[in-house]
**Q** 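Take a look at the following structure, please.
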Amino acid sequence: MKIASWNVNSLNARQPHLEEWLRLRSPDIVGLQETKLEDSRFPDTALVEQGYRSVFSGQKTYNGVAILSREAARDVQYGIPGFADEQKRAIAATIGDIRIVNLYVVNGQAVGSEKFEYKLRWLDAMTGWLADELKAHQNLVVMGDFNIAPEDRDTHDPATWNADSIHSSTAERAALRRLQALGLHDSFRLHNDKAGHYSWWDYRAAGFRRNLGLRIDLVLVSEALKARASGAHIDREPRLWERPSDHTPVWVELDD
DNA sequence: ATGGTAGTCTAACTA
């Protein structure tokens, strides 16, 4: 079973890419981020024709998350419970025997900015929520665009992406460690300990061609699912297509 | 070179 995460940077702009990629890889479950679509404009009918049901929480221009699945989703949660947020960044659902949480974590712009403080508050609220989710669901997948590179080996240049930089700062990494300490494992690192594997490259300065990237898109799995995780992948293929997203899909493979 | 590109929407914000 293949469970994937992809920040599409506008589903309107990337619908052809998504449809092509679904045909190419046949994932069972996909979490999308930055759909940038109001719910009334979500292309759920077109996706049904490809064999995927969808649940989604979006808004115009910014943010927006969705979960696509071959099987119907149940017990859908929109947003972080008890955390008032105008921005559509979280959605969760149960599919088969697996609880899926799909996140578009706040970017944060710059360490010390107002947006950075919002990022830390958001991460704190999200972690509290997921502690409860873990109590209720032993089979939990938490995926998305985390906007945090977990370690130096997840950046192309630790001098640029340092303790004071957005995406790699001490406070952000500590917040991610607190989440993982609940018992959530970075599926990519179960199978690959090397540097140089990224999921995002800046559109500017030919970032992809020069592999100047960050690994900020993660699929975390609970202890019970760690035992079933047989592989994890970063799929660079869609980044080679015309008009790509700046992020590329990542996934975990679970034994049935 | 303190830049660069892309999406949404046509000015400026976000990433």
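Every chain is numbered from 1, with letters handed out A, B, ... down the list of sequences. Basis for what follows: all heavy atoms, side chains included, without hydrogens, waters or symmetry-related copies. In this text, all values refer to a predicted model and were calculated from it rather than measured experimentally.
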**Q** Using whole Å, what does the distance between atom P of nucleotide B/dT14 and atom NZ of A/K36 come to?
**A** 12 Å
**Q** Atom CG of A/N147 and atom C1' of B/dA15: how far apart are they, to the nearest Å?
**A** 8 Å
**Q** When you match A/Y203 and A/G108 each to their closest nucleotide on DNA chain B, which lands nearer the 5' end?
**A** A/Y203
**Q** Could you work out, with ring pair (Phe, Tyr, Trp, His ring centres under 6.0 Å) as the rule, every residue matching A/F146, not counting sequence neighbours?
**A** none
**Q** To the nearest Å, how far apart are A/R14 CZ and B/dT8 P?
**A** 7 Å
**Q** Could you tell me whether the phosphate oxygens of B/dT14, OP1 or OP2, come under 4.0 Å of any side-chain nitrogen or oxygen in A/K115?
**A** yes
**Q** How close do A/R14 and A/P244 get, counting heavy atoms only, and between which atoms?
**A** NH1-O, 3.5 Å
**Q** If you assign each of A/V106 and A/A205 to its closest nucleotide in DNA chain B, which residue comes earlier from the 5' end?
**A** A/A205
**Q** Who passes salt bridge (charged side-chain N to carboxylate O under 4.0 Å, His left out) against A/K88, sequence neighbours left out?
**A** none
**Q** Just checking A/F208: base, sugar-phosphate only, or nothing, at a heavy-atom cut-off of under 4.0 Å?
**A** nothing
**Q** Please report, rounded to the nearest Å, how far the C1' atom of B/dG7 is from the CG atom of A/N107.
**A** 15 Å
**Q** Between B/dG7 atom P and A/D202 atom CG, what is the distance in whole Å?
**A** 13 Å
**Q** Between B/dT2 and B/dA12, how many Å separate the two P atoms, rounded to a whole number?
**A** 22 Å
**Q** Say you pick atom P in B/dT10 and the same atom in B/dT14; how far apart are they, in whole Å?
**A** 15 Å
**Q** So if I take every side-chain heavy atom of A/S10 and compare against B/dT8, B/dA15, B/dA6, which nucleotide ends up nearest?
**A** B/dT8
**Q** Below 4.0 angstrom, N of the basic side chain to O of the carboxylate: do A/D154 and A/R189 qualify?
**A** yes
**Q** Using the P atom as the point on both nucleotides, what is the distance between B/dG3 and B/dG7, in whole Å?
**A** 22 Å
**Q** Could you check whether A/D246 pairs with A/R204 (Lys NZ or Arg NE/NH1/NH2 to Asp/Glu carboxylate O, under 4.0 Å)?
**A** no
**Q** Can a salt bridge be assigned to the pair A/R153 and A/D186 using a cut-off of 4.0 Å between side-chain N and carboxylate O?
**A** no
**Q** In whole Å, what is the span from the NZ atom of A/K88 to the P atom of B/dT14?
**A** 18 Å
**Q** Rounded to whole Å, how long is the line connecting atom NZ of A/K60 with atom C1' of B/dT10?
**A** 14 Å
**Q** Nearest whole angstrom, please: distance from the C1' of B/dG4 to the CZ of A/R209.
**A** 13 Å
**Q** Check DNA chain B against residues 236-248 of chain A and give the residues with a non-hydrogen atom under 4.0 Å, in numerical order.
**A** A/R243
**Q** Side-chain heavy atoms nearer than 4.5 Å, only ILVMFWY residues, links allowed to pass through others: does that put A/V101 and A/V55 together?
**A** no
**Q** Quick check for you: among B/dC13, B/dT8, B/dG4, whose closest atom lies nearest to any side-chain atom of A/Y62?
**A** B/dC13
